[in-house]
Amino acid sequence: MSEHDDPRPVAPEAPLPGDCCDSGCDRCVYDLHNEEVARYRQQLAAWCARHPDQAS
């Protein structure tokens, strides 16, 4: 499998400071971002295992 068929995952962009309303939402944009980062790290680890020569 080539990198063209299996591109490296892209890290999610962090929320901007103004994206949070500071009202204590149950699903804050920062909570959602943390979930996206965790999912990205899992995807990246799997990708690195498939592409050990390009993992750095």
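Source: prediction; values computed, not measured. Below, all heavy atoms of this structure are taken into account, side chains as well, without hydrogens, waters or symmetry copies. The first residue of the sequence shown is numbered 1, and numbering continues consecutively from there.
In this view, Y30 and P15, C20, C28 satisfy the side chain to side chain contact (heavy atoms under 4.5 Å, CB included) rule, not counting sequence neighbours.
Pairs of residues two or more places apart, or lying in two chains, that qualify as salt bridge (charged side-chain N to carboxylate O under 4.0 Å, His left out) and include a residue from residues 34-45 are R27-E35. For residues 12-23, there are no salt bridge (charged side-chain N to carboxylate O under 4.0 Å, His left out) pairs, not counting sequence neighbours.
With hydrogens and angles ignored, the 3.5 Å screen pairs a side-chain donor or acceptor of R8 with a backbone N or O of Q54.
The environment of CG in D53 is crowded: more than 12 heavy-atom neighbours from other residues, nucleotides or ligands sit within 6.0 Å.
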